[in-house]
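Side chains are part of it too, since the values below use all heavy atoms of this structure and drop only hydrogens, waters and symmetry mates. Residue numbers begin at 1 in each chain, while the letters A, B, ... track the order of the sequences.
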There are 2 protein chains.
Amino acid sequence: MSADTRRPTMKDVAALAGVSLSTVSRVVNGDPGRPDLARRIQDAIDLLGYERDHTASTLRRTDRASASIGLLVADVGNPFFAAVARGVEEIARERGSVTMVASSDEDPARERELATALAARRVDGLVVVPTDGSPGPARVPTVFVDRPPRYADADTVLTDNFGGAVAAVTHLRAHGHRRIGFLGDRSTLHTAAERLRGYLGSLPDPSPARTDLSSGRLDPSLVRTDLEGSAAAFDAACALLRGDDPPTALFTAQNLITTGAVRALRALGLQHRVALVGFDDLPLADALDPGLTVVAQQPVTLGRAAARLLFSRIDGDRAEPRTEVVPTTLVVRGSGEIAR
Amino acid sequence: MSADTRRPTMKDVAALAGVSLSTVSRVVNGDPGRPDLARRIQDAIDLLGYERDHTASTLRRTDRASASIGLLVADVGNPFFAAVARGVEEIARERGSVTMVASSDEDPARERELATALAARRVDGLVVVPTDGSPGPARVPTVFVDRPPRYADADTVLTDNFGGAVAAVTHLRAHGHRRIGFLGDRSTLHTAAERLRGYLGSLPDPSPARTDLSSGRLDPSLVRTDLEGSAAAFDAACALLRGDDPPTALFTAQNLITTGAVRALRALGLQHRVALVGFDDLPLADALDPGLTVVAQQPVTLGRAAARLLFSRIDGDRAEPRTEVVPTTLVVRGSGEIAR
DNA sequence: TTGTAGGCGTTATCAC
DNA sequence: GTGATAACGCCTACAA
């Protein structure tokens, strides 16, 4: 009979307080009960350092709520998704829920596997940044964030990618630019596609970039897509700027691509001659010379909205799936205001 | 008798396969058993879409392992901690564990509360970035990361803050600097204190900043601590650089402080005259003019090491608590190589 | 109001 | 090998 440091259970508390198990359960769950008993029970709890086993409680309880949710992002290490995670966690904590975070690394197989692992832990719901080949939602309430799911009509919270791109290009046009280059990442990504759409939609009808639009082709001297990472963006930007009749302004549609373009402009000594507006904000953007004008997203807001929507579903909201759109903000710092 | 979409249980599988509950359990847990039965059970599982309830399994199993760990950081939204989280999650996933992430916001009360919440979910262990007033470890295996715990001899994984600071100052001294300013954050933070110690230790004995060292006071025209945020750092840097006999170089001991100093140097037009080395790397650091020389940390490595240590404890490692130190790297980009 | 008993979904210990 | 049975820690009718 070892005096092992077993965690105390309700049974231990009941024994010490000289009451029955169910009385302890009720008191622990907020039922006042007889004051003297409640007091004895509380004393026993303090003495033993008892803490309720939340998992066992979930198993038996009628609502079966685990007070935990899952968050599936491409990569928590990415500052953008980290900010989304922060927003989700904030709302979850308000609700007394904890958040299990997992990174899919944009791999659909891993995404499915992780969703299953989270479901097996009986999370009450899931917030998901879907990968390209995302499967349908699991058997648990799911809200998609940052990108819409591919094959399902489901709750979704998105950034206004189209509107942000329009704002960026309109801003550049207002400063006299007519030849505006576009650099974007994987065009299969919803975000990238929307930003390109916004760019194209903001150009005047007889624009070179739009010439072949009806034929599905884009002017490669102005538009470059499917750039993966900042090195690729650097090369593409250099090529664009060194070409014949180069653009007088650039719209870079993603984080790392903006970084690559900034480096390219500096490498060519053009940072004060060619205008630049990037999508998504960066630390130090204001310390550059010139300061970097960006269309800022609100990732924390994105996460909060997704979590709120999820909890409303968990609470039983049975309305039609809905999509919320979070606006962007144009942050003017210099690079976007270079006139033609 | 509603045909509700209840989750199928082992009982359902057993009934459909025409075997007993225990046989299903054994097969699900990898016992081969009789091939024909195993096959029938697998078919039933597929047909019903059965998935084992991991929480119930944990409750009953002898080792009581939940295959989940908790991660308690100051703020997941902070890119540094996000990278730590990524490292932790990576190792956890290798082990089939999920990671519950929570942000303490540097509040000891919240830290305690969250640790309790995670323990109540029966995590197998905890990785913690302790706040100032961190309590002792909970009743679950705990590894501290980034900062040591205050009142306990426990497993810890730290960045080589002292060594990194020494490297930074030595680098500046090698470029001829003798009056090197120090800007740091909350001195109650272990990281900040260590970096200051490294700075002071790298100065020659009769250095102005060390003059009053024995008396515990530091030359305020060279050393500024307890700066919270980049705005405060901006002000402090301006004050230092505008003073009599200003420093010819700066060592900024933290992320946001570096940002503030970069802005200050630019505001004063001194970015090409005063050298600067920052602690911790920043995106776009290479796109600045001059490029920003930094002592880079390895947050992902930090997280991985902490998680590995934790799992070795979970696996029963009973050796003395140990401390691991992760080295830094000096990344040379220009700002630190400005000669006096 | 309190105690008793049954069960949530699973695993472990037995007989068989 | 398989199957009945008793737990794991807790909640919740129901009876007292």
Side-chain angles (χ1 to χ4, degrees), chain A residues 4-42 44-45 48-68 119-124 139-140, chain B residues 4-42 44-45 48-68 119-124 139-140:
Chain A
D4 219 352
T5 35
R6 233 191 62 240
R7 268 182 208 280
T9 72
M10 268 194 187
K11 202 151 92 181
D12 301 323
V13 174
L16 184 58
V19 298
S20 84
L21 188 61
S22 37
T23 307
V24 178
S25 174
R26 272 177 304 237
V27 168
V28 165
N29 289 299
D31 183 326
R34 241 170 57 196
D36 55 328
L37 289 193
R39 162 147 230 95
R40 276 198 349 239
I41 290 170
Q42 189 53 55
I45 287 176
L48 294 173
Y50 167 78
E51 284 166 13
R52 184 178 59 169
D53 185 326
H54 206 290
T55 61
S57 154
T58 299
L59 188 59
R60 192 58 185 83
R61 184 178 305 141
T62 312
D63 61 9
R64 316 228 347 102
S66 67
S68 64
R121 266 79 172 182
R122 292 301 180 264
V123 291
D124 300 328
R139 254 190 308 231
V140 349
Chain B
D4 219 354
T5 36
R6 233 190 62 240
R7 273 188 148 89
T9 72
M10 270 194 184
K11 202 151 92 180
D12 301 322
V13 175
L16 184 58
V19 298
S20 84
L21 187 58
S22 7
T23 307
V24 176
S25 175
R26 261 168 297 188
V27 168
V28 166
N29 288 298
D31 183 326
R34 241 169 59 195
D36 55 327
L37 290 193
R39 162 146 229 94
R40 263 172 31 212
I41 290 171
Q42 189 54 56
I45 287 176
L48 294 173
Y50 167 78
E51 284 166 13
R52 183 177 59 166
D53 185 325
H54 206 290
T55 62
S57 159
T58 299
L59 185 60
R60 192 56 184 84
R61 185 178 305 140
T62 312
D63 61 10
R64 304 195 50 59
S66 67
S68 64
R121 265 78 171 183
R122 292 302 181 261
V123 291
D124 299 329
R139 255 190 306 233
V140 356

Could you work out, with side-chain contact (heavy atoms from CB on, under 4.5 Å) as the rule, every residue matching [X], not counting sequence neighbours?
| X | value |
| --- | --- |
| B:Ile45 | B:Val13, B:Val28, B:Ile41, B:Gln42, B:Tyr50 |
| B:Arg64 | A:Asp53, B:Leu59 |
| A:Ala65 | A:Asp63, A:Asp124 |
| A:Arg60 | none |

Among residues 30-40 of chain A, which residues get a heavy atom nearer than 4.0 Å to DNA chain C?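 Contacts with DNA chain C under 4.0 Å: A:Gly33, A:Arg34, A:Leu37.
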Determine which pairs satisfy salt bridge (charged side-chain N to carboxylate O under 4.0 Å, His left out) with at least one residue from residues 8-35 of chain B, sequence neighbours left out, and list them in order. B:Arg6-B:Asp12, B:Arg34-B:Asp36
[X]: side-chain hydrogen bond (donor to acceptor under 3.5 Å, both in side chains) partners, not counting sequence neighbours:
| X | answer |
| --- | --- |
| B:Arg7 | none |
| B:Arg52 | B:Asn29 |
| B:Ser22 | B:Ser20 |
| B:Arg39 | none |

Minimum side-chain heavy-atom gap A:Ser25-A:Met10 below 4.5 Å: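 Yes, side chains in contact.
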Nucleotide by nucleotide, nucleotides 6-16 of chain C touches protein heavy atoms under 4.0 Å in the pattern (B base, S sugar-phosphate only, - none) BBBBBBB----
Check every nucleotide of DNA chain D for an atom under 4.0 Å from a heavy-atom of chain A, then give the first and the last such nucleotide from 5' to 3'. D:dG9 to D:dT12
